[in-house]
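Notes to accompany the following structure.
Both counts, for ligands and for their atoms, begin at 1 and track the order of listing.
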Amino acid sequence: MDTQALKGSWHVVAQSGDQVPLFFYSALFLMYPETRGLFPVSMATQRDRLVGALGHVVSNVDRLDDLVPFLQQLGRDHRKFSVVAQHYPAVGQALLATLEHFLGSRWTPALAREWTQAYELVAKVMTEAADESSATSPPWWEGEIILHEVRAPGIAVIRARLNYAYPFRAGQSASISVLLRPRMWRFYSFANAPRRDNTVDLHVRVVDGGTVSTALVHGAQRGDILKIGAPVGDRLTLDTDHPRDLLMIAGGTGLAPFKALVEQTAYEGPRRDVRLFVGARTSRELYDIEAMSKLAAENPWLTVVPVVSHDAFYSGEHGYAVDAALKAWRGQDVFVCGSEEMVQSSVARLLDAGVPPAQIRFDEFTSAGGREQ
Ligand SMILES: Cc1cc2nc3c(=O)[nH]c(=O)nc-3n(C[C@H](O)[C@H](O)[C@H](O)COP(=O)(O)OP(=O)(O)OC[C@H]3O[C@@H](n4cnc5c(N)ncnc54)[C@H](O)[C@@H]3O)c2cc1C
Ligand code: HEM
């Protein structure tokens with residue numbers, strides 16, 4: 001396969017920015033109107049993830065071996081959008097029409113053949129993985145909200161009971177949709193280690209103008225049903241075979257996966273020294289500090305330190321969580337989780353202070369999902 005031609009032509013197309021998804025979706029919905037119902041009612045092309053991924057993945061088909069695990073997960077996960085194998089040729093056609101439109105005279109029959117073959121390969125990996133998983137797991141799980149507490153301005157703790165067994169690992173997250181905002185999926189981290197009663201906890205913070213976060217915090221209530229995709233992510237999961245001491249730095253609801261890891265260590269071991277620094281702008285935003293302090297009182301290996309950056313009246317530690325954590329760094333592995341901005345600045349501080357990159361693990365609460373691992 002001529003992968004240079006694929007990459008080069010995608011590079012040209014991608015230069016047209018938001019026009020590309022705009023054209024792609026118009027072509028798809030015009031040629032195959034039955035696919036419109038799979039997508040959210042209102043679609044902002046600037047937050048499009050499908051078209052960018054299509055061009056990127058298909059033109060990198062020479063790395064297919066590396067991409068297979070990602071594509072298998074993507075294919076399995078596409079079941080939650082109600083996508084079936086018959087939809088793949090439609091998306092392939094719309095992709096070709098888009099390429100033809102933006103490449104103009106550079107679009108040749110030979111290039112069309114390259115793109116067709118590459119797309120078919122990628123689609124085959126995704127559809128086969130989807131088919132295999134349909135024998136063992138539902139396309140999505142449903143979770144009934146059994147507890148909904150707005151704990152701080154714009155922050156809610158939500159507990160949902162799932163309808164089927166849901167095997168996941170502490171530190172993972174899942175893509176979640178709420179009935180108030182149909183077909184809009186966003187990632188949220190589980191704030192608990194797996195439980196026998198099949199319940200999961202979420203910590204959700206409203207982002208300004210945010211569609212799903214606002215619906216979850218201010219609209220959802222007990223009795224509502226959440227749709228929950230398969231668990232994903234291994235950036236913050238623990239290596240239980242080689243337990244190392246940990247420094248954890250949480251910003252806002254970035255606390256969620258760390259609470260899960262603390263619970264896992266408390267219930268299953270192996271024990272290790274864990275120091276958790278919980279950052280917030282004001283003391284009111286320390287929405288789960290009571291529960292975390294209780295865990296620390298029960299477990300001598302755990303220290304929890306709240307750190308507040310913008311609250312003159314707060315009597316505890318002031319500043320940024322990363323700076324407080326650095327004072328306690330004695331060679332432990334460091335985990336960081338929170339907003340993109342918080343994670344990037346904390347990781348930069350850690351590297352500056354000499355923490356080896358191999359000892360830093362982080363996950364960012366960005367609006368991008370389905371990342372290539
Ligand atoms: C792996 C992963 C795990 C996550 N876990 C959690 C979690 O446990 N708790 C939690 O509260 N959130 C979490 N998030 C973030 C969450 O997925 C959503 O991005 C967030 O709730 C906003 O969605 P929305 O629909 O409300 O905003 P949108 O309607 O998608 O966006 C509205 C506006 O806000 C901007 N925006 C979107 N997301 C963010 C953000 N996170 N920070 C700043 N600006 C943003 C957008 O660019 C846009 O301008 C996680 C994200 C990832 C990728
Ligand atoms: C090679 C094939 C494909 C690739 C690489 C691909 C890639 C992606 C990616 C990376 C996302 C974002 C992931 C997420 O939000 O969880 C996505 C979302 C989506 N995909 Fe695909 N996809 C493919 C085929 C299809 C097909 C055949 C359909 C059916 C029409 C489809 C429908 C969707 C829908 C409905 C979304 C959600 C869009 C949104 O939230 O705005 N995809 N796709």
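- Contacts of Leu74 with ligand 2, taken as heavy-atom pairs under 4.0 Å, involve the side chain alone.
- In this structure, of Leu50, Leu67, Val91, Thr35, the residue bringing a heavy atom nearest to atom 23 (C) of ligand 2 is Leu50.
- Not one N or O of Tyr88 is nearer than 3.5 Å to an N or O of ligand 2, by distance alone.
- No hydrogens or angles considered: nothing links the side chains of Trp140 and Ser175 as a donor-acceptor pair under 3.5 Å.
- Contacts between His203 and ligand 1 below 4.0 angstrom, taking non-hydrogen atoms only, involve the backbone exclusively.
- For ligand 1, the polar-atom distance check finds an N/O of Phe365 within less than 3.5 Å of one of the ligand's N/O atoms.
- Contacts with ligand 2 closer than 4.0 Å are made by heavy atoms of both the backbone and the side chain of Leu38.
- Against a heavy-atom cut-off of under 4.0 Å, Tyr119 is close to the following atoms of ligand 2: 1 (C), 2 (C).
- Distances below 4.0 Å separate heavy atoms of Glu364 from the following atoms of ligand 1: 52 (C), 53 (C).
- Residue Phe39 is tested with Phe24, Tyr32, Phe29, Phe81 for a ring-ring contact (aromatic ring centres under 6.0 Å, His included); the sole match is Phe29.
- Of the candidates Tyr32, Phe81, Trp185, the one placing a heavy atom closest to atom 19 (C) of ligand 2 is Phe81.
- Within ligand 1, the atoms closer than 4.0 Å to a non-hydrogen atom of Arg205 are 11 (O), numbered from 1 in the order shown.
- In summary, the atoms of ligand 1 found under 4.0 Å from a heavy atom of Ser173, numbered by their order in the structure, are 1 (C).
- Polar contact with ligand 1: absent for Asp363 (N/O pair, distance under 3.5 Å).
- Using the six-membered ring where Trp is involved, His101 and Phe23 have ring planes that are parallel, under 30° apart on the 30 and 60° scheme.
- Ion pairing between a basic and an acidic side chain is recognised when a charged N comes within 4.0 Å of a carboxylate O; Arg349 and Asp323 show such pairing.
- When the N, O or S atoms of His78 are ranked by distance to atom 21 (Fe) of ligand 2, NE2 comes first.
- For Gly233, the closest heavy-atom approach to ligand 1 does not fall below 4.0 Å.
- Under the 4.0 Å criterion applied to side-chain N and carboxylate O atoms, Arg76 and Glu128 are not assigned as salt-bridge partners.
- Salt-bridge annotation for Arg281 and Asp311: absent, with no side-chain N of the basic residue lying under 4.0 Å from a carboxylate O of the acidic one.
- Using a 4.0 Å cut-off between charged side-chain N and carboxylate O, Glu290 and Lys294 make no salt bridge.
- A salt bridge does not link Arg222 to Glu144: none of the charged nitrogens lies less than 4.0 Å from a carboxylate oxygen.
- In this comparison of Val207, Val232, Leu255, the heavy atom closest to atom 34 (O) of ligand 1 sits on Val207.
- Against a heavy-atom cut-off of under 4.0 Å, Val122 is close to the following atoms of ligand 2: 1 (C).
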Show the numbers, then the answer: is there a ring pair (Phe, Tyr, Trp, His ring centres under 6.0 Å) between Trp141 and Tyr166?
CA-CA 8 Å; Trp141 283 254; Tyr166 186 78; 4.8 Å; yes

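- Near Val204, meaning under 4.0 Å from any of its heavy atoms, are these atoms of ligand 1: 11 (O).
- Residue contacts with ligand 2: Met184 is excluded, as none of its non-hydrogen atoms falls under 4.0 Å.
- Nearest heavy-atom pair, Phe168 versus Ala193, reported as atom, atom and distance to 0.1 Å: CZ-C, 4.1 Å.
- Close approach to Ser189 involves these atoms of ligand 1, each under 4.0 Å from a residue heavy atom: 3 (C), 4 (C), 5 (N), 6 (C), 7 (C), 8 (O).
- Residue contact annotation: Gly209 has a non-hydrogen atom under 4.0 Å from ligand 1.
- Among all heavy-atom pairs drawn from Phe102 and Gln19, the shortest one is CZ-O, 3.5 Å.
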From CA spacing to verdict: salt bridge (charged side-chain N to carboxylate O under 4.0 Å, His left out), Arg159, Asp201
CA-CA 4 Å; Arg159 177 165 297 171; Asp201 291 349; 2.7 Å; yes

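- Minimum heavy-atom separation, Leu67 to Val57: CD1-O, 4.0 Å.
- For ligand 1, the polar-atom distance check against Ser339 finds no nitrogen or oxygen pair separated by under 3.5 Å.
- When non-hydrogen atoms are compared, ligand 2 lies under 4.0 Å from the side chain of Lys80 (C-beta onward) but not from its backbone.
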Just do the side-chain contact (heavy atoms from CB on, under 4.5 Å) check on Leu247 and Leu326 with the steps written out, would you?
CA-CA 9 Å; Leu247 268 190; Leu326 271 170; over 6 Å; no

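- At least one N or O atom of Thr211 sits closer than 3.5 Å to an N or O atom of ligand 1.
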